[in-house]
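Structure first, then comments.
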Amino acid sequence: MTIRTRFAPSPTGMLHIGGARTALFSWLYARHHGGEFVLRIEDTDRQRSTDEATQVILDGLQWLGLDWDGEPVFQASRQGEHVRAAEQLMDAGHAYRCYCTREELDAMREEQRARGEKPKYDGRCRHRSQQSEDAPFVVRFRSPDTGETVVRDMVLGDVEFNNAELDDLIILRSDGSPTYNLAVVVDDAAMQITHVVRGSDHLNNTPRQIQLYQALGLTPPVFAHIPLIHGPDGAKMSKRHGAVAITEYRQAGYLPQAVVNYLARLGWSHGDDEVFSVQQLIELFDLAQVGKTAARFDQQKLDWLNAHYLHHSEPAELVDEVARLLGVDTSNGPDLAAVIGSLQERSKNIVDLAEGARFFYIAPCAYVEKAVKKNFKDDTWPLLDAFVAAAEALPEWSPVSIHALISKVCESRGVNMGKLAQPIRILISGGPVSPPIDATLALLGRDETLNRIRDGRTNMAV
RNA sequence: GCUCCCAUCGUCUAGUGGUCUAGGACGCCGCCCUCUCACGGCGGAAACAGGGGUUCGACUCCCCUUGGGAGUACCA
């Protein structure tokens, strides 16, 4: 049997890191087994679903490289199937109309809570006599009162639920639209999903869904409830707790393979290994190796992995993204790939890289005050003048010759390289940080270098 | 409150009864390298939540406590 997994986000909020990991695990499992991975947008809540959220989901998955098979299925378009299933359930006596009003239900729950009971529907409409035809109603699933339902979970093992704990859930709203539990079951069955990989926040729904499968005469898929990702404070990922749309990571300069690698290691491991290519992930990933404990989101480790991938990238691969985030015209300056090559090992993300590259294309108009104070002494300008004079006469402008030149000037004056390198660095970049001075000057070019040093004298005098 | 899940360094984790004086990684501290910032190299501090069992022997199995999390909607 072909393995088929799905990712079924609801477009009511942004796709964040937790949802992305669920998608990743689901995708990896399918790809590992040579199966299929499909996408279903759960938009049955028409009020709260938005096109923007759908777009973020699609963009996010694409950016991460999680490709899906076939076209995405929009759940709302399958309402006919859902209603048919509900009717089938009613015909078989597994579902019934409930005419309770919201006020009635609220009052009931309030009483139960006051008595210290678990709030749940008491089934009062199971045998309620005929109502007038035009009274609004919902359809409820008739849940068994006795026995137990066991969820066989690939991550958690067997989890038993007492059926008495489960109340009669609504499967069709009063407007005739299906609710989540009915729609997932009908659609997962119709789409022939073999393995349902989802967050463990869905574990409590699972016994009800299993009952629905049984009542509809369907075979339940295999379930795998993966632990949730918590924010840095240990609470559930939410908008208030560091949950940002996955697409924001791109804007913040993260590489998709770093995010994928980080996410994979949150809950899954393979011995002591830390760095995995997507290919290796597909080869090695197994739901059986997924742990049961919730993980906290650790930005620093993501940063480390991102830096790792950044340092091991070919500059050419980075050019487009750096140019996009840099947002300045680079056509009249040094080759961007070469600039990236000089910068990548000292950057931890693309934003860093782009900022570090900026001065190669735009001359500084101000200098970091603290750095000036620290590096400009009485003997600094004479030293710079000596450097400029020698630089003008230098036959070849290359890292090696520049290095030799700086070193020679410093030696003749009996000072170490920092005495000259730092002032030059400040004058050409505006601050005390840049790639090695020889490489930087070579990239910038002789004319631009000397112009910036000369301009520096006037700028600083002001 | 009730139901369900979880519990190894600060964080992510290895560990599936003896090989554990518990391993790796991030972060942190120190040293080296050095023209700045980084990279890199070397070294260091740092954990089995507590209590009962089971066993010749528990980080590993069972129970309780404690702690954390999720659910408890005409959301998904």
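In what follows, chains carry the letters A, B, and so on, assigned in the order in which the sequence lines appear, proteins first and then strands, with residues in each chain numbered from 1. Please read all numbers here as calculations on a predicted model, not as lab measurements.
With sequence neighbours excluded, no residue satisfies ring-ring contact (aromatic ring centres under 6.0 Å, His included) with H270(A). When the salt bridge (Lys or Arg N to Asp or Glu O under 4.0 Å) test is applied to D438(A), no partner is found at least two apart in sequence or on another chain. For F25(A), the ring-ring contact (aromatic ring centres under 6.0 Å, His included) test picks out F285(A), with sequence neighbours left out. Shown here are the salt bridge (Lys or Arg N to Asp or Glu O under 4.0 Å) partners of R446(A), two or more places apart in sequence or in another chain: there are none.
Taking the ring axis of Y96(A) as reference, the NZ or CZ atom of R126(A) does not stay both within 45° of it and closer than 6.0 Å to the ring centre.
The pairing partner recorded for C4(B) is G69(B), the criterion being a Watson-Crick or G-U wobble arrangement whose two distances lie under 3.5 angstrom. Nucleotide U54(B) forms no Watson-Crick or G-U wobble pair with any nucleotide shown, as no partner meets the under 3.5 Å limit on both distances. Remark: C37(B) base-pairs with no nucleotide; criterion is Watson-Crick or G-U wobble with both hydrogen-bond distances under 3.5 Å.
Side-chain polar atoms of H202(A) and Y180(A) form a donor-acceptor pair below 3.5 angstrom. Side chains of R78(A) and T44(A): a donor-acceptor N/O pair is absent below 3.5 angstrom, by distance only.
Contacts between residues 299-306 of chain A and RNA chain B, counted as heavy-atom distances below 4.0 Å, involve Q300(A), K301(A), W304(A). Near RNA chain B, meaning a heavy atom under 4.0 Å from it, residues 429-444 of chain A has P432(A), V433(A), S434(A), P435(A), P436(A), I437(A), D438(A) in order of number. A heavy atom lying under 4.0 Å from RNA chain B marks the following residues of residues 45-56 of chain A, by number: D45(A), R48(A). A heavy-atom distance below 4.0 Å to RNA chain B is reached by these residues of residues 339-347 of chain A, ordered by number: E345(A), R346(A).
G267(A) comes within 4.0 angstrom of the backbone, heavy atoms only, and of no base. Among the protein residues, I426(A) comes within range of no part of the nucleic acid, since none of its heavy atoms lies under 4.0 Å from any strand.
If you look at Y262(A) and Y309(A), their ring centroids are not closer than 6.0 Å.
Legend: side chain to side chain donor-acceptor pair (under 3.5 Å) pairs involving residues 371-380 of chain A, not counting sequence neighbours: none detected. Sequence neighbours left out, the pairs with a member in residues 285-305 of chain A that pass side chain to side chain donor-acceptor pair (under 3.5 Å) are Y254(A)-Q299(A), Y254(A)-D303(A), E274(A)-K301(A).
Note on R109(A): a side-chain N or O is less than 4.0 Å away from OP1 or OP2 of C74(B). Using a 4.0 Å cut-off, no side-chain N or O of S200(A) falls inside it from OP1 or OP2 of C6(B).
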Using atom names, set out every protein N or O paired with an N or O of nucleotides 44-49 of chain B below 3.5 Å, distance rounded to 0.1 Å.
none

Could you run down the sub-3.5 Å N/O contacts of the protein with nucleotides 61-67 of chain B?
none

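For D272(A) and G23(B), a side-chain-to-base donor-acceptor distance below 3.5 Å is present, hydrogens and geometry of angles not being considered. Counting distance only, with no hydrogens placed and no angle test, the side-chain atoms of R425(A) and the base atoms of C35(B) include a donor-acceptor pair under 3.5 Å. Between the side chain of N181(A) and the base of A76(B), no donor-acceptor pair under 3.5 Å is found.
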